J.: 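Please see the structure below; I have some questions.
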Amino acid sequence: MPGRNRLLPTLVGVGVLGWAAACAGVALGTRRWVHHPEDVPPREVAVVLGAQVREDGQPSGFLRGRLEVAAALVRSGRVQRVLVSGDDGSHGEARVMRRELVAAGVPAGAVTADPHGYDTYDTCWRARHVYGLDRLVLVSQTYHLPRAVATARALGIDAVGAGDDSVRGRRRTWREGVAREQLALLKTGWDLLSRRPARSTGR
């Protein structure tokens, strides 16, 4: 019994260290592909990853920040088209994202809505296999981009990231997002090992 009592904490400790090493590895391994919006290398297409839409149909601060980055990339000529990817099952993430970009001056014909971007892996898989993209800019909060870029590149996409920091001042919400992001690495690791198709493979 004493040996077993020591074994469990040891295994937990090894697991925590392995998880921390994986988080650090993703962050360091993708650093060269994550940029400030004004420094991102040109790509034809930007993919905006979905985030919360409020019950009143307005984008959350996090989502609005991502959309502002995407609109700026179009205005600067760094991208020509935008794919907005979100879950349209609740408050119509992708539809709201498209609406907001058009209202911000992005030509309607340059914005495509993917209504089945249920998570980061699904968005990246669908970008590659449904929309035929193999070179793009991913747009999200800066803490999310290392995992998103790593996922896209593992799926065969030449992806770089453009990060939003506009909501960093909401310290509690930002910290919660960072914490969730570390846990999400576990699911992403399983998705990439299994190479599952996206939950929806049609448009």
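Please read all numbers here as calculations on a predicted model, not as lab measurements.
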J.: Does any N or O in the side chain of Arg78 come within less than 3.5 Å of the main-chain N or O of Leu73, such that one atom is a donor and the other an acceptor?
T.: no
J.: Any chance you could lay out the salt bridge (charged side-chain N to carboxylate O under 4.0 Å, His left out) test for Glu44 and Arg81, step after step, and finish with the verdict?
T.: CA-CA 6 Å; Glu44 183 180 354; Arg81 298 187 292 122; 3.2 Å; yes
J.: For Ser140, what residues pass the side-chain contact (heavy atoms from CB on, under 4.5 Å) criterion, not counting sequence neighbours?
T.: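 Checked Ser140 against side-chain contact (heavy atoms from CB on, under 4.5 Å); matches are Leu49, Arg66, His144, Leu145.
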J.: Decide yes or no for Trp190 and Arg196: does some side-chain heavy atom of the first lie under 4.5 Å from some side-chain heavy atom of the second?
T.: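 Side chain of Trp190 against side chain of Arg196, heavy atoms only: no contact under 4.5 Å found.
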J.: If you compare all heavy atoms of Gln80 against all heavy atoms of Arg43, which two are closest, and at what distance to 0.1 Å?
T.: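 Gln80 and Arg43 have their closest heavy atoms at OE1-O, 3.9 Å.
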J.: Show your reasoning for whether side-chain contact (heavy atoms from CB on, under 4.5 Å) applies to Phe62 and Gln52.
T.: CA-CA 8 Å; Phe62 279 72; Gln52 182 186 23; over 6 Å; no
J.: Go through the steps to decide whether Leu63 and Glu100 satisfy the test side-chain contact (heavy atoms from CB on, under 4.5 Å), and finish with yes or no.
T.: CA-CA 10 Å; Leu63 183 54; Glu100 293 295 313; over 6 Å; no
J.: What closest approach, in Å, do Val40 and Pro37 show between heavy atoms, and which atom pair accounts for it?
T.: CG1-O, 3.3 Å
J.: Under a 3.5 Å distance rule, please check whether Arg98 uses its side chain to pair with a backbone N or O of Ala108 as donor and acceptor.
T.: yes
J.: Please name the pair of heavy atoms, one in Ala46 and one in Val139, separated by the smallest distance, quoted to 0.1 Å.
T.: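 Closest heavy-atom pair between Ala46 and Val139: CB-CG2, 4.3 Å.
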J.: Provide the closest heavy-atom pair for His116 versus Asp122 in the form atom of the first, atom of the second, distance.
T.: O-CB, 4.1 Å
J.: Rounded to the nearest 0.5 Å, how far does OG of Ser85 lie from CE of Met97?
T.: 7.0 Å
J.: On a heavy-atom basis, which atom in Val84 and which in Ala94 lie closest, and how many Å separate them?
T.: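 Val84 and Ala94 have their closest heavy atoms at CG2-O, 3.6 Å.
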J.: Decide side-chain contact (heavy atoms from CB on, under 4.5 Å) for Val47 and Leu133; before the verdict, give the C-alpha distance in whole Å, the side-chain angles of both, and the deciding distance to 0.1 Å.
T.: CA-CA 10 Å; Val47 174; Leu133 302 177; 4.2 Å; yes
J.: What distance do Leu67 atom CG and Asp164 atom CG have between them, rounded to the nearest 0.5 Å?
T.: 9.5 Å
J.: Surrounding CD of Glu55 (heavy atoms of other residues, nucleotides or ligands, distance under 6.0 Å), is the total greater than 12?
T.: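 Count not over threshold, so no.
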J.: Just wondering, do Asp88 and Arg95 contact through their side chains at under 4.5 Å, heavy atoms?
T.: yes
J.: Could you measure the distance from the CG atom of Leu138 to the OG1 atom of Thr120? Nearest 0.5 Å is fine.
T.: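 The OG1 atom of Thr120 is 9.0 Å from CG of Leu138, to the nearest 0.5 Å.
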J.: Please tell me if the side chains of Leu155 and Arg195 come closer than 4.5 Å, counting only heavy atoms from C-beta onward.
T.: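 Result yes, sub-4.5 Å side-chain heavy-atom pair found.
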J.: When rounded to the nearest 0.5 angstrom, what distance separates OH in Tyr131 from CG in Asp114?
T.: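 Result: 3.5 Å between the selected atoms.
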J.: Checking Leu192 against Tyr121 for the side-chain contact (heavy atoms from CB on, under 4.5 Å) test, could you report, in this order, the C-alpha distance in whole Å, the side-chain angles of both residues, the deciding distance, and whether it holds?
T.: CA-CA 8 Å; Leu192 290 173; Tyr121 179 88; 3.8 Å; yes
J.: Testing Arg126, Arg199, Glu93 one by one against Tyr118 for a side-chain contact (heavy atoms from CB on, under 4.5 Å), which residue passes?
T.: Arg199
J.: How far does CG of Asp191 sit from OG1 of Thr151, to the nearest 0.5 angstrom?
T.: 8.0 Å
J.: Can you name the closest pair of heavy atoms from Ala70 and Val48 and give their distance?
T.: CB-CG2, 3.5 Å
J.: Can you confirm whether His129 is buried at NE2, in the sense that more than 12 heavy atoms of other residues, nucleotides or ligands lie under 6.0 Å from that atom?
T.: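 Atom NE2 in His129 is packed in, count exceeds 12.
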J.: With no hydrogens and no angle check, is any side-chain donor or acceptor of Arg128 less than 3.5 Å from a backbone partner on Ala152?
T.: no
J.: Among all residues two or more places apart in sequence or in another chain, which pass the side-chain contact (heavy atoms from CB on, under 4.5 Å) test with Pro42?
T.: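 Testing Pro42 for side-chain contact (heavy atoms from CB on, under 4.5 Å), a comparison that skips the adjacent residues, returns none.
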